[in-house]
Protein chains: 2
Amino acid sequence: MSTIRDVARVAGVSPATVSRVVNGLTGFSEQTRQRVEEAASRLGYEPDTLARGLKTRQSPVLGVLAPVVSDALASQIMGGIEAAARARGYSVMLGRTGPHAVHAPGYLRNFRAFRVAGVILISTVVTAEIRRALGDRIPFTAVAIRDGSRFPSLAIDDDLAAYDGTRFLQRLGHDTIGLITGDTESVLVNTPRMCGYQRAMAEAGLAPIVAYGDSLYDSAPPAVRTLMTEHPDITAIFALSDEMAAGAVNELQRLGYRVPAQVSVLGFDNTPTAQHVHPALTTVTQPLYHMGELAVEQLLSSIRPQPHILPHTITHRGSIADRRPQAVPAPPSP
Amino acid sequence: MSTIRDVARVAGVSPATVSRVVNGLTGFSEQTRQRVEEAASRLGYEPDTLARGLKTRQSPVLGVLAPVVSDALASQIMGGIEAAARARGYSVMLGRTGPHAVHAPGYLRNFRAFRVAGVILISTVVTAEIRRALGDRIPFTAVAIRDGSRFPSLAIDDDLAAYDGTRFLQRLGHDTIGLITGDTESVLVNTPRMCGYQRAMAEAGLAPIVAYGDSLYDSAPPAVRTLMTEHPDITAIFALSDEMAAGAVNELQRLGYRVPAQVSVLGFDNTPTAQHVHPALTTVTQPLYHMGELAVEQLLSSIRPQPHILPHTITHRGSIADRRPQAVPAPPSP
DNA sequence: TTGTAAGCGTTATCAT
DNA sequence: ATGATAACGCTTACAA
């Protein structure tokens with residue numbers, strides 16, 4: 001591997017000049033530029049990122065932490081992060097916080113030792129310990145989570161999204177709507193989502209019906225059985241994750257219900273899982289990929305980072321039935 | 001951030017001694033060790049990875065490249081990589097090769113500029129161009145792919161795995177078995193898998209029935225329709241990816257077939273997708289997580305890396321029916 | 001057992 | 001427009 005000195009020698013200039021050319025600064029003649037660039041490409045010169053980082057006290061790396069590496073939701077966000085980082089010449093270093101975020105402080109110290117340019121925390125609460133491990137030099141942002149603090153974050157309004165999802169179901173004529181929530185203790189977003197559901201039900205004068213899962217597929221079938229046994233008149237189930245919604249669809253069909261004809265199912269997040277069941281899930285959608293892109297931009301463009309709310313939408317597929325009485329054709333306008 | 005000199009000053013020793021203590025070398029008294037460690041922890045000293053790497057010409061990082069960041073199969077492998085890397089004090093840098101691996105050379109040069117300790121290529125063919133971008137200093141290994149070359153790799157025997165999957169179906173009494181393959185051009189593993197299937201069929205004196213998909217969910221329904229229209233007597237479908245198998249299960253049910261009673265479905269890979277349909281997929285299983293762990297060990301333990309074949313298994317869930325005539329109860333032993 | 005000093009490859013300051 | 005030169009924070013001979 002050739003160094004900047006090798007290039008300098010071949011081009012007949014000083015290392016400083018090579019540096020200027022390579023970094024696109026000013027202060028060299030067109031002729032010099034050409035000589036340097038030719039020498040550089042002839043030698044296959046590639047600046048040493050480590051040496052550069054040592055000198056500039058920063059390396060072109062973004063640290064990313066997620067609870068589980070192989071999680072579908074985190075993976076989507078990662079996709080956006082990778083694309084945006086790559087476009088700006090940054091690399092991505094990946095870590096997993098693990099249960100109760102036990103590995104987070106270690107990874108964070110690691111990131112700091114690498115002098116990363118920024119840190120992205122996916123679905124991870126910024127605890128005091130994390131804040132400390134982060135130090136106060138590295139910009140960071142939390143994604144897909146909002147803890148009410150004033151730390152920078154990028155997320156949807158989970159309360160409103162669940163409210164809108166519930167209202168959507170109500171407007172289509174559903175009034176007995178069961179909710180399957182995830183663990184509200186370990187997964188922070190479930191709390192506001194439950195609130196949104198309950199508010200929508202209360203406003204409509206309907207009784208909330210809640211069953212508990214753990215956000216994963218396998219927790220849905222038992223929840224569905226409980227729901228359908230205790231409330232046989234349920235016409236729609238709102239699951240607070242796509243995995244649980246998928247489990248609900250499959251379990252309902254196994255029990256002999258037709259989906260959506262007899263029971264509709266609404267998912268949450270819009271991960272690829274939503275398309276892996278039949279009928280495919282209509283689901284409350286988070287702009288996951290976009291969140292990843294934005295997180296990178298926010299970190300890198302020194303826009304003062306702060307809590308930021310992104311719009312949610314509802315993605316329509318086949319798991320919801322319209323139960324309204326047949327609409328009367330609009331009368332001709334007067 | 002304090003440096004090694006700060007620690008040295010506080011501990012009343014030289015930077016060299018601090019370095020020795022911090023790196024667990026020999027050549028210092030117990031008393032010195034204590035003083036240094038106390039000073040280090042009091043100052044919250046963390047060695048600068050960049051400076052260290054510049055000096056040692058190596059950084060504690062593993063570069064990982066996958067075709068798509070958010071791919072389920074790659075994610076599972078990534079899980080194993082992260083765990084093993086973390087256990088050995090290494091970080092993971094992630095990149096995406098993109099269509100036709102266009103981004104691979106760039107990422108590889110990047111990894112080299114970082115002086116990574118090794119590179120893992122997930123589901124990526126080691127082309128001459130990639131080989132070149134890699135240089136000949138960095139150890140690397142390909143995972144979940146085998147291209148017949150002598151480059152180091154970690155994969156199952158795809159041919160044999162598909163053969164075994166087909167034989168498994170045959171032993172359960174299936175003889176009209178349709179195959180849904182993925183793109184054999186862009187996804188290398190599909191070719192040996194198809195061969196394995198065809199060999200098993202030929203050996204059993206059965207006619208192969210092949211439909212073409214692209215490895216993704218949406219390509220399965222049309223393939224299923226073709227298969228069932230042209231061969232209504234099919235009793236089993238072998239899909240060369242879990243996503244396609246999931247799509248097949250759902251489409252079969254939509255068409256009114258009972259799975260597995262009327263038509264069985266066998267998947268491939270055993271990604272989480274296999275558990276997201278009902279009935280859950282019986283599937284030919286690759287030890288994905290383990291492959292990730294092994295890749296790291298192979299790279300880091302200077303065991304001479306070479307092509308390595310891992311055992312595949314069949315994971316039994318509910319998507320396959322036993323069509324053998326009822327077995328006669330074993331007679332009482334004489 | 002401990003310290004001194006020379007780099008690792010780069011950037012940035014200051015001359016020229 | 002260009003070149004010397006001094007760091008950046010660490011490891012590692014080589015001395016002592």
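Predicted model, so just to flag it, every value in this text is computed and none were measured. Throughout, a chain's letter reflects where its sequence line sits, starting with A, and its residues are numbered from 1.
- Of the two residues near DNA chain D, A:R115 and A:R5, the one whose nearest nucleotide lies more 5' is A:R5.
- Side chain to side chain, A:E30 and A:Q34 meet the donor-acceptor criterion of an N or O pair below 3.5 Å.
- Between D:dG3, D:dC10, D:dT12, one nucleotide has an atom nearer to the side chain of B:Y45 than all others, and that is D:dC10.
- If you find the closest nucleotide of DNA chain C to A:M1 and to A:L25, the one lying nearer the 5' end belongs to A:M1.
- Rounded to whole angstrom, the span from the CG atom of A:D48 across to the C1' atom of C:dG7 amounts to 14 Å.
- Under 4.0 angstrom from either OP1 or OP2 of C:dG9 there lies at least one side-chain N or O belonging to B:R57.
- Checking C:dG3, D:dG9, D:dT2 against the side-chain heavy atoms of B:A51 singles out D:dG9 as nearest.
- Here the nucleotide nearest the side chain of A:V13, chosen from D:dA7, D:dG3, D:dC10, is D:dG3.
- Between A:S29 and D:dT2 there is a side-chain polar atom (N or O) within less than 4.0 angstrom of OP1 or OP2.
- At least one side-chain nitrogen or oxygen of A:T32 sits closer than 4.0 Å to the OP1 or OP2 atom of D:dT2.
- Looking at heavy-atom distances under 4.0 Å, A:T26 makes no contact with the nucleic acid at all.
- For D:dC10, the OP1/OP2 oxygens have no side-chain nitrogen or oxygen of B:T56 closer than 4.0 Å.
- Atom CG in A:L50 sits roughly 13 Å away from atom P in D:dT11 (whole-Å rounding).
- Applying the 4.0 Å criterion to OP1 and OP2 of D:dG3, one finds that A:S14 has a side-chain N or O inside that range.
- Taking atom CG of residue A:D6 and atom C1' of nucleotide C:dT10, one finds them 13 Å apart after rounding to whole Å.
- Listed nucleotides C:dT10, D:dC10, D:dA1 differ in distance to A:R52; the shortest reach to its side chain belongs to C:dT10.
- Of the candidate nucleotides D:dC10, C:dG9, D:dT2, C:dG9 has the atom nearest to the side chain of B:L54.
- Taking atom CG of A:N23 as the reference point, atom P of C:dT13 lies 13 Å away to the nearest angstrom.
- In this structure, CD1 of B:I4 is placed 15 Å from P of C:dT2, rounded to the nearest angstrom.
- Remark: B:H308 NE2 is loosely packed, at most 12 non-hydrogen atoms of other residues, nucleotides or ligands lying under 6.0 Å away.
- Checking the phosphate oxygens (OP1, OP2) of D:dC10, no side-chain nitrogen or oxygen of B:S19 falls inside 4.0 Å.
- When B:R88, B:R86, B:E82 are each tested for a side chain to side chain contact (heavy atoms under 4.5 Å, CB included) with B:V296, only one passes: B:R88.
- Taking a cutoff of 4.0 Å between a charged side-chain nitrogen and a carboxylate oxygen, A:D48 and B:R115 qualify as a salt bridge.
- For the side chain to side chain contact (heavy atoms under 4.5 Å, CB included) test with B:F111, the passing option among B:L134, B:V64, B:L65, B:L62 is B:L65; the others fail.
- Residue side chain A:K55 reaches the base of D:dA7 through a donor-acceptor N/O pair under 3.5 Å, judged by distance alone.
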